[in-house]
Amino acid sequence: MGDPVERMESEGLDSGAAVKTDDLCMEIDPPFQENAVTAEDWRKALNKVVPAVVVLRTTATRSFDTESAASSYATGFIVDKRRGIILTNRHVVKPGPVVAEAMFLNREEVPVHPIYRDPVHDFGFFRYDPAAIQFLNYEEIPLSPEAACVGLEIRVVGNDSGEKDKAT
């Protein structure tokens, strides 16, 4: 059959004619909805979730696997308040021995212990004693992967090298 342009010309179609691409395109972004989320909506959401975000201070006591001994700060958030489970990134949990503390919004600190580090995906879990938090009223941030979608507006809440929690 040859070149598509030659085929179109032999069928009497102008090679400069616009080719209909609607059948070839797929919409991946949801339609733009102006003012779908207001500043007030974000303020309410942040007021609820910020107390569930913690600063994690970790110390890897010795070199292990491919990671060296080091101290660092990271961010995590409470996913199960009753059982005291914090979700964070895999590299924060560390592959080897780690000593870690979680600092809550009101500066209460509690020791945390690694309970899982996913070998493939970038997440891990720490556990703390929920009874150790005496003065802060906070909620958990439930996981809901079914709500995630392309084009969803998000805000990131965390710390910058151990500084006070902030939203961006």
Side-chain angles (χ1 to χ4, degrees), residues 28-33 35-168:
I28 59 170
D29 292 329
F32 178 72
Q33 297 176 2
N35 298 325
V37 179
T38 66
E40 181 64 18
D41 293 333
W42 281 118
R43 188 186 65 70
K44 288 178 183 176
L46 289 171
N47 284 340
K48 182 175 180 178
V49 302
V50 165
V53 175
V54 297
V55 175
L56 295 166
R57 183 176 48 233
T58 62
T59 304
T61 56
R62 63 173 40 142
S63 296
F64 187 84
D65 195 15
T66 59
E67 297 189 25
S68 60
S71 291
S72 60
Y73 289 93
T75 302
F77 62 94
I78 311 304
V79 293
D80 190 324
K81 182 179 174 180
R82 185 181 60 79
R83 293 187 288 176
I85 298 177
I86 298 171
L87 175 67
T88 189
N89 296 98
R90 175 179 59 196
H91 68 274
V92 178
V93 177
K94 311 279 188 220
V98 62
V99 175
E101 298 85 29
M103 182 171 52
F104 286 74
L105 184 65
N106 66 346
R107 304 288 188 213
E108 283 185 81
E109 294 184 26
V110 297
V112 295
H113 308 283
I115 57 174
Y116 181 73
R117 179 181 188 270
D118 193 272
V120 177
H121 303 97
D122 189 17
F123 70 91
F125 293 101
F126 282 109
R127 176 174 277 157
Y128 69 97
D129 178 8
I133 305 301
Q134 300 175 2
F135 304 105
L136 180 66
N137 185 17
Y138 64 98
E139 295 298 323
E140 62 190 42
I141 301 173
L143 300 178
S144 58
E146 69 282 352
C149 66
V150 174
L152 185 66
E153 189 176 343
I154 65 166
R155 299 286 173 155
V156 177
V157 179
N159 70 79
D160 188 9
S161 298
E163 294 180 8
K164 187 175 179 177
D165 288 335
K166 59 184 175 182
T168 56

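All residue numbers refer to positions in the sequence shown, counting from 1.
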The reported gap from OG1 in T38 to CG in D41 (rounded to nearest 0.5 angstrom) is 3.0 Å

Would you check if L56 and Y73 make a side-chain contact, meaning some heavy-atom pair closer than 4.5 Å?
no

Would you name the heavy atoms of D118 and R90 that are closest together and state the gap between them?
O-CD, 2.8 Å

Looking at V98 and P114, what are the two nearest heavy atoms and their distance?
CG1-CG, 3.7 Å

If you measure from CD1 on I86 to CD1 on I115, what distance do you get to the nearest 0.5 Å?
9.5 Å

How close do P130 and G84 get, counting heavy atoms only, and between which atoms?
CG-N, 3.7 Å

Shortest non-hydrogen contact from L152 toward A147
CD2-O, 3.8 Å

Would you say T58 and V92 make side-chain contact, with heavy atoms under 4.5 Å?
yes

Closer than 3.5 angstrom, by distance alone: can the side chain of S71 be matched with the main-chain N or O of T59 as a donor-acceptor pair?
no

Contact check, side chains of R127 and P111, non-hydrogen atoms, under 4.5 Å
no

So which heavy atom on R82 is nearest to which on E140, and how close?
N-OE1, 4.4 Å

Where is the tightest heavy-atom contact between R117 and P95, given as atom of each residue plus distance?
NE-N, 3.5 Å

Heavy-atom check, side chain of Q134 versus side chain of E108, under 4.5 Å:
yes

Between CZ of R83 and CG of D129, what distance do you get to the nearest 0.5 Å?
14.5 Å

Tell me which one of V53, V55, V110 satisfies side chain to side chain contact (heavy atoms under 4.5 Å, CB included) with F104.
V110

Can you classify the ring geometry of F123 versus F125 as parallel (below 30°), tilted (30 to 60°) or perpendicular (above 60°)?
perpendicular

Taking the side chain as every heavy atom from C-beta outward, state whether K44 and K48 have any atom pair closer than 4.5 Å.
no

Answer yes if the ring centres of Y138 and F77 are under 6.0 angstrom apart, and no otherwise.
no

Would you check if Y128 and V54 make a side-chain contact, meaning some heavy-atom pair closer than 4.5 Å?
no

Answer yes or no: are there more than 12 heavy-atom neighbours, outside N137 itself, under 6.0 Å from its atom CG?
no

Rounding to 0.5 Å, atoms CZ (F126) and CG (L87) come to a distance of 11.0 Å

Find the distance between NE2 (H91) and CG (D122) and round it off to the nearest 0.5 Å.
7.0 Å

Roughly how far, to the nearest 0.5 Å, is the CD1 atom of I78 from the CD1 atom of I85?
10.0 Å

